[in-house]
2 protein chains.
Amino acid sequence: MWLNFIVNTYSFMTEHEKNTEQKILDAAEDVFLHKGMSGARMQEIADKAGINKALLHYYYRTKDKLFEKVFEKAFKIFIPKVTGMMASDTPVIEKIKFFIDNYMDLLTRHPFIPAFLISELNRNPQILVSLFEKNVQLTRNDIIKNFDKQIQTEVKAGILKSVDARNLMVSIVGMCIFPIVGRPIIQGVLFENNKKDYNEFLGQRKESIKEFIVNSIKA
Amino acid sequence: MWLNFIVNTYSFMTEHEKNTEQKILDAAEDVFLHKGMSGARMQEIADKAGINKALLHYYYRTKDKLFEKVFEKAFKIFIPKVTGMMASDTPVIEKIKFFIDNYMDLLTRHPFIPAFLISELNRNPQILVSLFEKNVQLTRNDIIKNFDKQIQTEVKAGILKSVDARNLMVSIVGMCIFPIVGRPIIQGVLFENNKKDYNEFLGQRKESIKEFIVNSIKA
DNA sequence: TTTAAATTTGACCAATTGGTTAAATTAATT
DNA sequence: AATTAATTTAACCAATTGGTCAAATTTAAA
């Protein structure tokens, strides 16, 4: 679709157009996720999409614009889930268990996104600025405050030990993400590089984390 | 020093030589750590070292060779510490507290190394193979087994709750590393991008992790 | 003080890279 | 069927990149 780089993906485009565009985006995701912005090559993306390189620039003018799209998609898959977990009104421990189950599943389905986000954001934190404007940044603050309030309520009710909301959240996400982004190192150092053993480890990790956290915060 | 790429840094080289070589290595570290293998430019490294680009190739034939040196140094700073923590014969909880204090300090001093290692290793896990051959891979297995044995002893002695050594180690390191590698995201989402607030958060994080873990594993 | 060896440089090169353009092809509109 | 608009391609380009080389300079050895 012409001027697509401005108007984006809309419902009135034909199946054919959607396919070409989607093929490019899929290929771009694949290449960018594994090689990063600086390591990705437009030619490789074109090859993987089965199209001419010039067509890439026809749809997404520049490498930066294409990268932006891929990054935004990756970001949206992972980050809102974290604040999302704090929104429901179930008890804290239930909430956490639910989150860990879902987040670990998400990580298993997209194991390369977190390292990609970490790498690109450390190299250029500026990317976040524009993303934060677009997305649900307004309510975010209230959500965190509410989650903290809920925790303090349960602390006073004698359900939980005294814990700080943000420390808890960073710990939970860290315990979930590290075995994924650090896989090459951990698998090498602690599992003699045995892929099967490590997959088993990841399989039971969910339960391990939940038990570890509940043990820590339950009064 | 001529043929330096083969013989490496030895004590019999003059101060002048050591300086030039070190200047290159420092500059390379700086650039590689922030831009990664594919994003780093030999010209930028040369500029930062204040030398001609050809001199870079005189000392370290290729970009790959130079990268290898930087990577190995970064790796050696961080990874042996983890297995090292398990070697002493103090009680488990003391060991863990000592490790967290030291590791968090290390992370604060070198905040960009972990993301660098994660990124490069996910992109090319092959790098590890040669490194594992060179380094203390022999005793590593015994160290882990001994640590696990110590834990199980303390479990039976009623000091600790039942915990798996490798899960525990991954959790500890994950809780330490995530606030560093995920800084841009966490600072943005949870701290309204306030740098000062985040530094304060990092300052108390050490104690928070220790308390969190002890609460979880103490019987 | 020669002479030889090691270090440093400027100029250069081939390959790669992101991006462009004009022409060809296909799809949509009349 | 004719024309217009949208899509796709091959060929090309300027800039960048890792790397080389011969010459110049500095240092060490004789």
Can you check whether T20(A) has a side-chain N or O nearer than 4.0 Å to OP1 or OP2 of dT7(D)? no
Whole Å only: how far is the CD1 atom of I51(B) from the P atom of dA24(D)? 21 Å
Below the 4.0 Å mark, does dT8(C) have OP1 or OP2 next to a side-chain nitrogen or oxygen of Y59(B)? yes
Counting only N and O atoms by type, is there a donor-acceptor contact under 3.5 Å from the side chain of K63(B) to the main-chain atoms of A40(B)? yes
Could you tell me which residues satisfy side-chain contact (heavy atoms from CB on, under 4.5 Å) with E29(B), sequence neighbours excluded, listed by chain and number? L33(B), V70(B), K73(B)
Show every donor-acceptor pair shorter than 3.5 Å between a side-chain atom in residues 46-54 of chain A and any protein atom, with sequence neighbours excluded, or say none if there are none.
unit_1	atom_1	unit_2	atom_2	d
D47(A)	OD1	Q43(A)	NE2	3.0
K48(A)	NZ	D30(A)	OD2	3.4
N52(A)	OD1	A54(A)	N	2.7

Using every non-hydrogen atom in the two residues, find where L56(B) and M42(B) come nearest and quote the distance to one decimal. CD2-O, 3.3 Å
Can you tell me the distance, in whole Å, between the CD1 atom of I24(A) and the C1' atom of dT8(D)? 11 Å
As a test of your reading of the structure, name each stem of DNA chain D as range with range, where a stem is three or more consecutive Watson-Crick or G-U pairs at under 3.5 Å. C:1-30 with D:1-30
Looking at residues 37-46 of chain A, who's got a heavy atom less than 4.0 Å off DNA chain C? A40(A), R41(A), M42(A)
Residue set satisfying side chain to side chain donor-acceptor pair (under 3.5 Å) with K210(B), at least two apart, ordered chain then number -> D101(B), E207(B)
In whole Å, I'd like the distance from the NZ atom of K65(A) to the P atom of dG19(C). 10 Å
Under-3.5 Å N/O pairs linking protein and nucleotides 20-26 of chain C:
none

E120(A) and I127(A) have their tightest heavy-atom pair at O-CD1, 3.8 Å
Going by the angle between their ring planes, with limits at 30° and 60°, are F71(B) and F75(B) parallel, tilted or perpendicular? parallel
Which residues share a salt bridge (Lys or Arg N to Asp or Glu O under 4.0 Å) with D26(B), sequence neighbours left out: none
dT9(D) C1' sits how many Å from L55(A) CG, rounded? 9 Å
Under the rule for side-chain contact (heavy atoms from CB on, under 4.5 Å), what residues qualify as partners of D64(A), not counting sequence neighbours? M37(A), T62(A)
Would you kindly give the NZ-to-C1' distance between K23(B) and dT8(C), to the nearest whole Å? 11 Å
Please state how far atom CG in N19(A) lies from atom C1' in dT7(D), giving the value in whole angstrom units. 14 Å
Taking ring pair (Phe, Tyr, Trp, His ring centres under 6.0 Å) as the test, write out the residues that go with F212(A), two or more places apart. none
Are F116(B) and F32(B), when compared by the centres of their aromatic rings, separated by less than 6.0 Å? no
Contacts to DNA chain C from residues 25-36 of chain A, heavy-atom cutoff under 4.0 Å, which residues? none
Donor-acceptor pairs under 3.5 angstrom involving side-chain atoms of residues 165-190 of chain B: please list them, not counting sequence neighbours.
unit_1	atom_1	unit_2	atom_2	d
R166(B)	NH1	L190(A)	O	2.8
N167(B)	OD1	R205(A)	NH1	2.8
N167(B)	OD1	S208(A)	OG	3.1
N167(B)	ND2	Q204(A)	OE1	3.0
N167(B)	ND2	D164(B)	OD2	3.1
S171(B)	OG	R205(A)	NH1	3.3
S171(B)	OG	R205(A)	NH2	2.9
S171(B)	OG	N167(B)	O	3.0
R183(B)	NE	Q187(B)	OE1	2.9
R183(B)	NH1	N199(B)	OD1	3.2
R183(B)	NH2	Q187(B)	OE1	3.0
R183(B)	NH2	N199(B)	OD1	3.2
Q187(B)	NE2	N193(B)	OD1	3.2

F78(A): ring pair (Phe, Tyr, Trp, His ring centres under 6.0 Å) partners, not counting sequence neighbours: Y103(A)
Without decimals, in angstroms, what is the distance between F67(A) CZ and dG18(C) P? 13 Å
Can you tell whether the side chains of E200(A) and K196(A) come within less than 4.0 Å, N to carboxylate O? no
